[in-house]
Amino acid sequence: MSAVNRFSVADHAHMARALQLATQGLYTTTPNPRVGCVIFKDGQILGEGWHQRAGTPHAEINALKLAGDAARGATAYVTLEPCSHHGRTPPCAEALILAGVVRVVSAMTDPNPLVAGGGIDMLTLAGIQAEIGLLENEARELNPGFISRMTRQRPWVRLKTASTLDGKTALSNGQSQWITGEAARADVQKLRARACAILTGSGTVLADNPRMNVRDFDIGRQPLRVIVDSTLRTPADSATLPALIACHHAEPDARAALEQAGAEVIELPGTGSRVDLAALLTLLAQRGINELHVEAGAALNGALLAAGLVDEWVAYMAPMAVGDNARGLFAQPPLTTLADAARFHMTDVRQIGGDLRLTLLLK
């Protein structure tokens with residue numbers, strides 16, 4: 001029997017509900033994954049839950065609390081394999097066993113090496129029917145950053161751009177406010193809110209003095225702000241501070257001023273005077289950054305793309321044209337053949353206010 005056919009219509013419905021529950025933690029669970037759970041028995045949903053914030057009970061625990069003793073003999077639908085290790089909270093696999101459930105359906109295996117099949121093994125050894133793979137693609141789409149951090153040791157990099165239809169981000173004199181409309185700018189706040197960190201370059205800091213924070217969303221936290229600044233040009237009174245500043249060389253006086261302003265300055269190796277971006281992403285992953293949201297200028301955008309470090313590109317495009325002398329999206333050396341061009345495939349196209357939003361994944 002195929003992975004698809006072994007699950008019933010009811011199984012699909014309950015897992016879809018678990019995925020819906022998981023999205024309620026979209027902005028808050030970092031560095032943990034977004035997870036939902038449904039407890040079902042005899043035609044009735046006994047409990048529902050989702051993980052809300054790191055250090056708080058996991059989805060399975062919240063659902064089991066609502067189900068109570070009625071969970072004995074039930075089926076648990078969970079969007080991620082139940083954990084089998086002691087972290088900030090006890091193992092969820094153990095809680096399901098103690099609750100007396102007889103079947104656990106998981107959407108996907110936990111990519112965390114501390115689990116990675118251990119939860120399924122624990123359930124199976126306890127005599128529980130444990131199945132995996134129902135709506136796996138949907139579950140993976142919910143946690144691209146957590147999966148990336150666990151399997152590639154770097155965050156999922158989501159690059160956001162706002163441009164004209166002819167691919168320009170600002171006039172040649174630097175004017176860029178506003179190319180896209182109010183609805184598009186509000187939509188960007190949702191991308192920032194789901195991110196663990198927001199990355200920009202010193203050029204953008206000097207040109208725009210951006211706050212790079214989440215506004216209009218009360219998510220109980222602010223993403224870590226990260227600035228790539230090879231030679232510490234960031235002013236100590238910048239609105240982007242406090243932030244983590246990655247540099248290639250830290251001149252002592254500049255470093256002291258920035259640290260006094262609340263910045264954390266780290267020196268990373270690189271080529272010439274440039275910061276090693278791959279090393280920066282590794283560092284961010286070690287700090288629990290799942291999704292990295294990038295809002296930068298052409299230089300940093302181009303460097304990330306050239307290094308193969310862009311996973312997703314969200315491109316907002318306004319219905320205007322400003323000519324070839326305006327500023328572009330990506331600063332890169334000229335290509336001699338189209339075969340060398342970075343290629344993406346579109347996963348979503350929609351109108352946001354008066355603008356167009358394209359969501360693309362690197363091929």
Side-chain angles (χ1 to χ4, degrees), residues 1 3-4 6-7 11 14-15 18-19 21-22 25 29-40 47-65 67 71-156 196 282 285-291:
M1 184 179 294
V4 174
R6 77 171 184 265
F7 297 112
D11 288 337
H14 297 315
M15 186 61 78
L19 286 164
L21 291 166
T29 64
T30 180
N32 291 351
R34 299 130 183 166
V35 183
C37 179
V38 171
I39 309 294
F40 177 82
E48 296 183 336
W50 67 93
H51 182 47
Q52 300 174 15
R53 197 175 299 275
T56 65
H58 290 184
E60 299 94 321
I61 306 304
N62 289 327
L64 287 170
K65 283 181 180 177
R72 189 163 300 277
T75 295
Y77 297 89
V78 61
T79 59
L80 187 69
E81 174 190 3
C83 61
S84 57
H85 67 292
H86 284 268
R88 295 188 188 182
T89 57
C92 291
E94 186 177 281
L96 290 165
I97 294 168
L98 293 173
V101 302
V102 296
R103 182 178 178 231
V104 175
V105 181
S106 304
M108 61 174 288
T109 302
D110 191 332
N112 186 344
L114 294 175
V115 184
I120 296 298
D121 291 343
M122 183 181 289
L123 294 169
T124 302
L125 287 172
I128 294 173
Q129 181 182 350
E131 301 173 73
I132 201 158
L134 177 59
L135 300 183
E136 179 175 358
N137 289 339
E138 290 81 353
R140 295 181 70 85
E141 288 173 2
L142 191 61
N143 287 299
F146 182 74
I147 295 169
S148 178
R149 180 164 67 88
M150 291 297 161
T151 60
R152 303 188 298 176
Q153 290 73 55
R154 73 168 181 83
W156 179 265
C196 308
T282 299
Q286 291 169 349
R287 296 191 178 198
I289 301 301
N290 292 333
E291 295 184 17

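Note that these values count all heavy atoms, side chains included, but never hydrogens, waters or copies made by symmetry. A quick note: this is a predicted structure, and the numbers were derived from the prediction, not measured.
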Counting only pairs under 3.5 Å, give me each side-chain donor-acceptor contact of residues 131-141, with atom names and distances, residues two or more places apart or in other chains.
{"from": "Glu131", "atom 1": "OE2", "to": "Arg103", "atom 2": "NE", "distance (Å)": "2.6"}
{"from": "Glu131", "atom 1": "OE2", "to": "Arg103", "atom 2": "NH2", "distance (Å)": "3.1"}
{"from": "Glu131", "atom 1": "OE2", "to": "Gln129", "atom 2": "NE2", "distance (Å)": "2.9"}

For residues 113-122, please give each side-chain donor-acceptor pair under 3.5 Å, one per line with the distance, not counting sequence neighbours.
none

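Side-chain contact between Ser106 and Pro82 is present, with heavy atoms from C-beta onward closer than 4.5 Å. The side-chain heavy atoms of Leu21 and Cys37, taken from C-beta on, include no pair separated by under 4.5 Å. Contact of the Thr79 side chain with the Met108 side chain is not registered, since no non-hydrogen atoms from C-beta on lie closer than 4.5 Å. Under the 4.5 Å side-chain criterion, counting only non-hydrogen atoms from C-beta, Leu80 is not in contact with Asn143.
Every residue two or more places apart in sequence or in another chain that forms a side-chain hydrogen bond (donor to acceptor under 3.5 Å, both in side chains) with Trp156 is listed here: Glu312. Looking at residues two or more places apart in sequence or on another chain, you find a side-chain hydrogen bond (donor to acceptor under 3.5 Å, both in side chains) between Asn290 and Arg149. Residues satisfying the side-chain hydrogen bond (donor to acceptor under 3.5 Å, both in side chains) criterion with Glu291, sequence neighbours excluded, are Arg34, Arg158, Arg194. In this view, Arg72 satisfies the salt bridge (Lys or Arg N to Asp or Glu O under 4.0 Å) rule with no residue, not counting sequence neighbours. Listed by chain and number, the residues in a ring pair (Phe, Tyr, Trp, His ring centres under 6.0 Å) with His14 are Phe40, Tyr77 (sequence neighbours excluded). Here Gln153 pairs with nothing under the side chain to side chain contact (heavy atoms under 4.5 Å, CB included) rule; sequence neighbours left out. By the side-chain hydrogen bond (donor to acceptor under 3.5 Å, both in side chains) test, Arg287 is found to be paired with Glu264, residues two or more places apart in sequence or in another chain being considered.
The distance from atom CD1 of Ile39 to atom CG of Leu96, rounded to the nearest 0.5 Å, is 6.0 Å. Atom CG in Asn32 sits 11.0 Å away from atom CZ in Arg53 (nearest 0.5 Å). In this structure, His58 NE2 and Ile61 CD1 are separated by 8.0 Å, a value rounded to the nearest 0.5 Å. If you take NE2 on His51 and CG on Asn62, they are separated by 9.0 Å, rounding to the nearest 0.5 Å.
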